[in-house]
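Notes to accompany the following structure.
Quantities reported herein were computed from a predicted structural model and do not represent experimental measurements. For ligands, and for the atoms within them, numbers begin at 1 and follow the listed sequence.
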Amino acid sequence: MDKYKVTIGLEIHAELKTRTKMFCDSKNDPDEKRPNVNICPICMGHPGTLPAINKEAVKKVLEIGVAVGGTVADFTEFDRKNYFYPDIPKGYQISQYKYPLILGGSINGVRLTRIHLEEDTARSSHEDGDYSLVDFNRAGVPLMELVTEPVIHSADEAVNFAKELQLLLQYTGVSDANMEKGEMRVEANISVSDTDKFGTKVEVKNLNSFRAAERAIGYEVARHTETIERGEKITQETRGWDEGKQKTFSQRSKENAHDYRYFPDPDLPKLQLSEIPEFSVESLKKLLPELPWEKRERYEKSFGLSVKYTEFLVGNPIYAHYFESAIKGIEKDKKSVELIANYLISDVVGITNKQQNDAIQPMEISETMIGKLTPQNLAAVIKMIGAGELSSRGAKDLIAEALVSGKEASVIAKEKNLIQKSDAGELTKIIAGIIEQNKKVVDEYKAGKQASLQFLIGQGMKATKGSANPEMLKTIFLEQLSK
Ligand code: ADP
Ligand code: MG
């Protein structure tokens, strides 16, 4: 497959989480279900109305720009992108063309071209009859557009990039970036070439999930490769993704920038960003929380967690916060930290997910409490394992109970008889009895049959109703049997 070079560049839109819209004070509420509620003459494009720039929206894009190490523009302006469509009431979209807010930067090694700010369009739904409905609640919502350089070479890499950007938007609170809700939308530019030059690119729109992005890129790469192998040419065009058919389809031939007749919007002031103190790189940096890649590095360095656990926690900040509270309550040796991550991710998350799927009353999940289990109580469970008081089986049962009842680990352990018997004297007595009653097995063991020891240990577990510390059982058996 090396004969064909795959090149991908992404264009990702994200709706910003601001109080009001981009150029008016209509509410920006992605959850509003009633159509055409959050609208006003400005976002409806009535003649004679004047837009005003939403400073909060500008600041949010600049924050992202600083986070990715991009260059904040000294000078910036808004342009009109002219086209005619029912979802664009003014006949143009206010966007940025020549002077975007941010130039350059990178995310996990993928270089960015630019990040700019524009307004979202209305939402149209095409009904079965010969008409369409248009909901203007979304018209004028602040929309960030981030464009990457054509430096991505596989569907996997593209999806990883989009996921990392989503985390960045969520960590910073710039956008909820929920793809199902359309708060983040991915467009992929794809080309395949068997020469040194780039191939003809095709743009695929409407990628509303990571899976759709992955499938659509895979589909296009195969289609381009087959077309080249047939000796035919790829047409430069815009395609859509058909989720039902799992195929892309031709939408329209690619428009050029000049088709949009871009020009600076005369109704809006130009901005000299460098003259606004709160937009200085230093001020913007102060607003940033720990970023996803910073958290990843810290987790790898300070905790030595496996990649799987680190990725889970970086991808789920609520659990990460919970995890960090839990490890406050233990000795921070590698083994205990790994155990906390393990019981949190395998057991606690496992149980809560199952509840979700089984449509049983879902458990509350917050930074300080999952179900009724506090991070401190989870730490107490891990301490008991460390002290040899609890088996891993016992820990699982205890956690399941603590999630529901919220009782303290030590209380549940006593109530459910989960405390491992580590009392050597008592175990020695029980073991002596077992040896007495299983003479034949003991002889077999002495004749070299290792499996007999397992059987005897099993009898010990049975006699103590599973509460014996298995390590201790084994040690005492070996001692007694060697006599
Ligand atoms: P256009 O002028 O058609 O909008 P741009 O140069 O602005 O094209 O690039 C749009 C997106 O397409 C960017 O993400 C860019 O990285 C990507 N891109 C450009 N050329 C190619 C190519 N040959 N193959 C894949 N992606 C490309
Ligand atoms: Mg372009």
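We find that R138 and D120 are joined by a salt bridge, their nearest charged nitrogen and carboxylate oxygen being less than 4.0 Å apart.
Taking distance alone, with nitrogen or oxygen atoms compared against 3.5 Å, S191 approaches ligand 1 more closely than that limit. Looking at ligand 1, you'll find an N or O of P150 within less than 3.5 Å of one of its N or O atoms. Considering backbone and side-chain N/O atoms, T148 comes within less than 3.5 Å of an N/O atom of ligand 1.
For the pairing with M144, the side-chain contact (heavy atoms from CB on, under 4.5 Å) check across L101, V61, I102 returns one residue only, V61. The only option from T76, D265, D79 that meets the side-chain hydrogen bond (donor to acceptor under 3.5 Å, both in side chains) definition with Q96 turns out to be T76.
In summary, the atoms of ligand 1 found under 4.0 Å from a heavy atom of V147, numbered by their order in the structure, are 13 (C), 14 (O). Counting the atoms of ligand 1 from 1 in the order shown, those under 4.0 Å from a heavy atom of G199 are 23 (N). In the vicinity of E149, heavy-atom distances shorter than 4.0 Å reach the ligand 1 atoms 16 (O). Within ligand 1, counting atoms from 1 as listed, the ones closer than 4.0 Å to a heavy atom of G9 are 14 (O), 16 (O), 17 (C), 26 (N). The ligand atoms of ligand 1 that sit less than 4.0 angstrom from a heavy atom of L10 are 14 (O). Under a 4.0 Å criterion applied to the non-hydrogen atoms of T7, ligand 1 contributes the atoms 24 (N), 25 (C). Taking every heavy atom of F198 and a limit of under 4.0 angstrom, the matching atoms of ligand 1 come to 23 (N).
Within the cation-pi definition used here (under 6.0 Å to the ring centroid, within 45° of the axis), K81 does not qualify as a partner of Y262. For the pair R80 and F263, the cation-pi criterion (under 6.0 Å, within 45° of the ring axis) is not fulfilled. Both the sub-6.0 Å distance and the 45° axial angle are satisfied by K163 relative to the ring of F210.
Under the 4.0 angstrom criterion for non-hydrogen atoms, S193 is not in contact with ligand 1.
Aromatic ring orientation, Y219 versus W241: perpendicular (interplanar angle above 60°, classes split at 30° and 60°).
Side-chain contact check for L344 versus L378: some heavy-atom pair is nearer than 4.5 Å.
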